[in-house]
Amino acid sequence: MALSIRGSAAPGSPTAADAPAANPIAVGNLTTAAGSGLPLPRSELILAGKSVVRSMRRVTGGADPSGYSAAEIAQLRGDAARIHALASILAPSAGLASLADSADGSDAADASAADADSPVEIVERLRRNFGQLGYLQGVLDENVSQLDGQLAGLDGLPDGAVPADVPEFPADPAALSDEDLRSGRSAWAVRADVDFDALIRAQQEMNDLDDRRRNLDHQVDALSDLLARLDEAGTTLVPSHLGDTLCYGLGWHLAGDSTRMCGSLREIRAHAGASARPAPIATPPSWGSPASATPAPVRPKGTPFAEWAAANKFEGGRLAILQALAGLQRWCGFYDALTGTVQRQLVQLRALADTASAARRLLSAELQRRALGTGEEPAPTA
């Protein structure tokens, strides 16, 4: 199943006529369902990623789109059409989904006739949805990583390995010999342990993804608030933890790729497993100090943004904060897509575990029936 790309294509890229017929996926507002395993070949995923990168550079590069050449306008519209195709599947933003609507069925000359169809308007829509472009980047990163086999150990299976071979399901336990019953029950007992252990590990990975995703949402909210409060003089205070978030997000926007993201998550998981320790015992809250106690000195709540930015070589002001937000959103897209991958593994592992448990119960019930010497088979036991 593949997806056709609408609109004018960038020079050297496939056109709508070259692509298979569109077969969109209806996912409503859910991004995890279609975020992993996109119905696009790897070549189209790479082209889409390049379209996103070029579009983001048009926003941050400061070039005037009203002076674009015909070739640049064609490339802009081809990139917008490809982004539109992705947004139509994932539906993360109505603004992105409408990027290529006006370009459908029109040429560059017609497009320049109306402000709504102009390159300036397209770039402005990209600017307003800059964070969602970062989100699409993350989704593409996960999908390319999945196709390239880089998610082993992160996708819900231990080290990406397939569990042990499944024994033959006992169609008629009564027809088996006592020896075959015992060996079959032992084989299915081992299989059940393997499947349930794998299911537990996959659920732990899912919980870890959920925690990291929630933490990202809080960081995105904090940077969005900073962007809204930032004044022209740069006197808005930046707490130290928020400064760390700014540097982290900007770094992933400027220098991130799918291989680095997989490697970073793998390293974080390994470090978390190696340094696991019991949670500290919570201490009771302090309900205030005696009146005679010396009051604690008041600590500054942060550093003025202009001062902090100069000290950390964080250039670009609001635009740099927008880029940092896109870097965080890139991880949001990556985590959402990876969550879809792990969800599929959970469904498969749960089905395998249920099958193994059912087979084990059937064989155990037949052994009990024979041991009791009755003519009726007792109800299967857990």
Side-chain angles (χ1 to χ4, degrees), residues 51-68 72-73 76 79-80 83 87 92-99 112 114-138 214-256 296-333:
S51 294
V52 172
V53 171
R54 280 194 298 264
S55 297
M56 297 179 89
R57 286 177 179 171
R58 290 186 181 102
V59 173
T60 60
D64 182 6
S66 63
Y68 280 178
E72 289 172 325
I73 292 176
L76 170 66
D79 291 340
I83 292 170
S93 166
L96 284 179
S98 64
L99 269 175
S112 63
D115 290 339
D117 298 341
S118 70
V120 175
E121 175 61 19
I122 292 180
V123 172
E124 175 60 21
R125 290 183 187 178
L126 292 170
R127 185 192 66 80
R128 290 196 302 265
N129 296 279
F130 197 78
Q132 292 294 351
L133 290 173
Y135 183 93
L136 290 184
Q137 266 190 309
R214 281 193 294 268
N215 185 49
L216 272 174
D217 282 339
H218 293 313
Q219 293 176 336
V220 167
D221 290 343
L223 290 196
S224 298
D225 291 341
L226 174 65
L227 185 62
R229 292 185 293 105
L230 192 65
D231 54 33
E232 293 297 332
T235 60
T236 305
L237 296 180
V238 178
S240 59
H241 69 276
L242 195 57
D244 293 340
T245 302
L246 283 167
C247 293
Y248 178 83
L250 183 61
W252 280 107
H253 170 71
L254 296 176
V298 178
R299 296 181 179 180
K301 295 182 179 180
T303 305
F305 177 80
E307 181 182 336
W308 176 89
N312 291 273
K313 299 181 180 180
F314 192 87
E315 302 175 354
R318 286 186 171 87
L319 185 59
I321 297 176
L322 195 64
Q323 290 174 301
L325 276 166
L328 296 182
Q329 291 284 14
R330 185 174 190 169
W331 271 110
C332 289

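Position 1 is the first residue of the sequence; numbering continues from there.
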Looking at Tyr68 and Pro119, what are the two nearest heavy atoms and their distance? CD1-CB, 4.3 Å
Spacing of CG belonging to Asn129 relative to OG belonging to Ser55, to within rounding of 0.5 Å: 11.5 Å
Just wondering, do Asp79 and Arg58 contact through their side chains at under 4.5 Å, heavy atoms? yes
Does some side-chain heavy atom of Glu307 sit less than 4.5 Å from a side-chain heavy atom of Val238? no
Please report the C-alpha distance between Asp231 and Phe305 in whole Å, then the side-chain angles of each, then the deciding distance to 0.1 Å, and finally whether the side chain to side chain contact (heavy atoms under 4.5 Å, CB included) criterion is met. CA-CA 9 Å; Asp231 54 33; Phe305 177 80; over 6 Å; no
Taking all heavy atoms of Arg330 and all of His253, pick out the closest pair and write down the distance. NH1-O, 4.2 Å
Using 0.5 Å steps for rounding, measure from the CZ atom of Arg318 to the CG atom of Leu325. 13.0 Å
I'd like to check Phe314 versus Ile321 (side-chain heavy atoms, cut-off strictly below 4.5 Å). Are they in contact? yes
Show the nearest heavy-atom pair for residues Ala233 and Ala306, with the distance to one decimal. O-CB, 4.0 Å
pair Pro65-Ile122: side-chain heavy atoms closer than 4.5 Å: no
Supply the atom-to-atom distance Thr236 OG1 to Asp225 CG, rounded to the nearest 0.5 angstrom. 11.5 Å
Taking all atoms of both residues into account, what is the closest heavy-atom pair of Ile83 and Ser51, and its distance? CD1-O, 4.1 Å
Within this structure, what is the CD-CG distance for the pair Gln329 and Leu322, rounded to the nearest 0.5 Å? 10.5 Å
Distance, nearest 0.5 Å, that separates CG of Leu250 from OG1 of Thr245: 12.5 Å
Closest heavy-atom pair, Gly327 versus Trp252, reported as atoms and distance to 0.1 Å, is O-CB, 4.3 Å
I need the Gln132 CD to Arg125 CZ distance, nearest 0.5 Å. 15.5 Å
Would you indicate whether the side-chain heavy atoms of Leu237 and Trp308 approach each other to under 4.5 Å? no
Are the side chains of Met56 and Leu126 in touch, meaning some heavy atoms are under 4.5 Å apart? no
When you compare the side chain of Leu246 with that of Asn312, does any pair of heavy atoms fall below 4.5 Å? no
Which pair of non-hydrogen atoms, one from Val53 and one from Gln137, has the smallest distance, and what is that distance? CG2-NE2, 3.6 Å
